[in-house]
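Below: the structure, in structure tokens.
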Amino acid sequence: MKETATRAISGLLYVCLLIGCLFWRHALIALFFIFGLICMAEFKKLIQLKSFLPYIIFSILYLGFAYWKLISESLVGFNETSQIVLVITIFVLLILIKDLFSEKTIPLFSSKRFIITTFYLSSGFVFLICIGNFYEKFTPLLLLGSFILVWVNDTFAYIVGKNLGKQKLFSSISPKKTVEGFLGGLFFSCIASYFIWYFTDTLTFTNWLILGIIVSVFGTIGDLIESKFKRQAGVKDSGVIMPGHGGLLDRLDSIIFAAPFIFLYLRLITYVS
């Protein structure tokens, strides 16, 4: 009971802090920067990377995009740069997905560790910022909707999986995850997409529905990939900063992985509209 209360309080504080900063762009930039540094520290431990260079790369990449997209009124050159980073990021994430399904362990030779920290972790926060200002103006509801989809998916995947789950989704990586839980999270994410559409003046219901599917699928894959990193490192959690939950990366792994795919879909619908 005490553990449940601790978990609930810790999670509530996290959600309140995030939502409280979400509607003030400068606070959002600062919060995600701090979150990124914490997640970087946790991830570096998982992959046993001792170099300080990933912090420098993250700071340059993140703050560069934050200034470009949220502070600067001029977006000259932004689209071209974001497209290059997006293509590389998607390519790296597809390699991680391949490693998840085809390798007993994820290869972590030296150069790959730097590539992963740059185009998995750093890019995840970069594209969260890009989602938050997608239409060349501050759009916190678009970002909030993405987080809500992640929270709904994770919550109902846990509830459905715990009560109805029988068939393991990926037993070698995460024994508690089930196919029924995944489908439950996907179903309720689609339901949540209707309410997000109804209460926000952002995207059409069809687009929110597709984003619900994207978040559920790629968010789950992101969670599995982080679980595989933790299993390779021989640890249960990525850190201890959130009592009852583990590390901050444990809370953000789904949205970090899904963010580039969310941004990619948003770019695609702007091209066809």
Side-chain angles (χ1 to χ4, degrees), residues 7 10-11 13-22 27-66 85 88-89 92-93 96-97 99-100 106 108 112-132 143 146-147 150-151 153-154 174 215 218-263:
R7 182 181 177 87
S10 178
L13 289 175
Y14 159 72
V15 172
C16 290
L17 177 62
L18 180 61
I19 294 178
C21 293
L22 199 60
L28 181 65
I29 293 173
L31 181 68
F32 279 174
F33 182 66
I34 294 171
F35 277 4
L37 292 176
I38 295 172
C39 288
M40 182 67 73
E42 294 176 348
F43 187 65
K44 281 173 74 270
K45 289 183 179 179
L46 293 183
I47 63 174
Q48 299 179 348
L49 180 60
K50 297 181 180 180
S51 173
F52 194 77
L53 184 58
Y55 292 112
I56 299 175
I57 295 174
F58 167 73
S59 298
I60 294 174
L61 191 64
Y62 175 83
L63 293 177
F65 269 79
V85 175
I88 299 174
T89 299
V92 171
L93 296 184
L96 285 177
I97 294 175
D99 289 341
L100 175 66
I106 298 177
L108 291 175
K112 187 170 183 176
R113 298 183 192 193
F114 285 100
I115 292 172
I116 292 174
T117 54
T118 300
F119 295 104
Y120 159 57
L121 197 60
S122 298
S123 290
F125 284 95
V126 164
F127 288 113
L128 284 176
I129 286 293
C130 292
I131 293 168
L143 188 57
S146 300
F147 270 97
V150 169
W151 295 336
N153 178 73
D154 290 349
S174 185
V215 165
F218 288 103
T220 300
I221 292 175
D223 186 66
L224 286 170
I225 288 175
E226 201 234 346
S227 294
K228 188 162 187 175
F229 279 121
K230 289 190 292 186
R231 184 169 289 272
Q232 286 185 211
V235 298
K236 180 183 178 182
D237 300 314
S238 65
V240 295
I241 195 170
M242 292 185 65
H245 291 270
L248 187 59
L249 184 58
D250 294 324
R251 295 302 93 211
L252 292 171
D253 54 359
S254 296
I255 191 67
I256 288 173
F257 195 89
F261 295 98
I262 296 172
F263 182 75

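Position 1 is the first residue of the sequence, and the numbers go up from there.
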task = Report the C-alpha separation of R231 and L46 in whole Å, then their side-chain angles, then the decisive distance to 0.1 Å, and conclude whether the side-chain contact (heavy atoms from CB on, under 4.5 Å) test is met.
result = CA-CA 9 Å; R231 184 169 289 272; L46 293 183; over 6 Å; no

request  = Please test S254 against N153 for side-chain contact (heavy atoms from CB on, under 4.5 Å), starting from the C-alpha separation and ending with a verdict.
outcome  = CA-CA 10 Å; S254 296; N153 178 73; 5.9 Å; no

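- I60 pairs by the side chain to side chain contact (heavy atoms under 4.5 Å, CB included) definition with I56, not counting sequence neighbours.
- Aromatic ring orientation, Y14 versus W151: perpendicular (interplanar angle above 60°, classes split at 30° and 60°).
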request  = Carefully, step by step, assess L93 and F261 under the rule side-chain contact (heavy atoms from CB on, under 4.5 Å).
outcome  = CA-CA 10 Å; L93 296 184; F261 295 98; 3.5 Å; yes

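- In summary, of the residues considered (F35, F33, F52), a ring pair (Phe, Tyr, Trp, His ring centres under 6.0 Å) with F58 occurs for F33 alone.
- Results of the side-chain hydrogen bond (donor to acceptor under 3.5 Å, both in side chains) test with S238 over K45, R251, E42 single out E42 as the only residue that passes.
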task = Given side-chain contact (heavy atoms from CB on, under 4.5 Å), test F147 with I19 step by step and report yes or no.
result = CA-CA 10 Å; F147 270 97; I19 294 178; over 6 Å; no

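- No side-chain donor-acceptor contact under 3.5 Å links K230 to the backbone of D237.
- When side chains are defined from C-beta on, F257 counts as touching I97, because their heavy atoms get closer than 4.5 Å.
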Quick one: side chains of residues 113-125, donor-acceptor pairs under 3.5 Å with protein atoms, not counting sequence neighbours, listed by atom name and distance.
unit_1	atom_1	unit_2	atom_2	d
R113	NE	L108	O	2.6
R113	NH1	I47	O	2.9
R113	NH1	Q48	O	2.8
R113	NH2	L108	O	3.1
T117	OG1	R113	O	3.1
T117	OG1	F114	O	2.9
T118	OG1	F114	O	2.9
S122	OG	T117	O	3.1
S123	OG	T89	OG1	3.0
S123	OG	T118	O	3.3

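- Applying the side-chain contact (heavy atoms from CB on, under 4.5 Å) test between V126 and each of F32, F65, F263 identifies F65 as the sole match.
- Summarising the geometry of I131 relative to S146, their closest heavy-atom pair is CG2-OG, 4.3 Å, with the distance given to 0.1 Å.
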Show me the side-chain donor-acceptor pairs of residues 219-226 shorter than 3.5 Å, one per line, residues at least two apart or across chains.
unit_1	atom_1	unit_2	atom_2	d
T220	OG1	S216	O	2.6
D223	OD2	K177	NZ	2.4

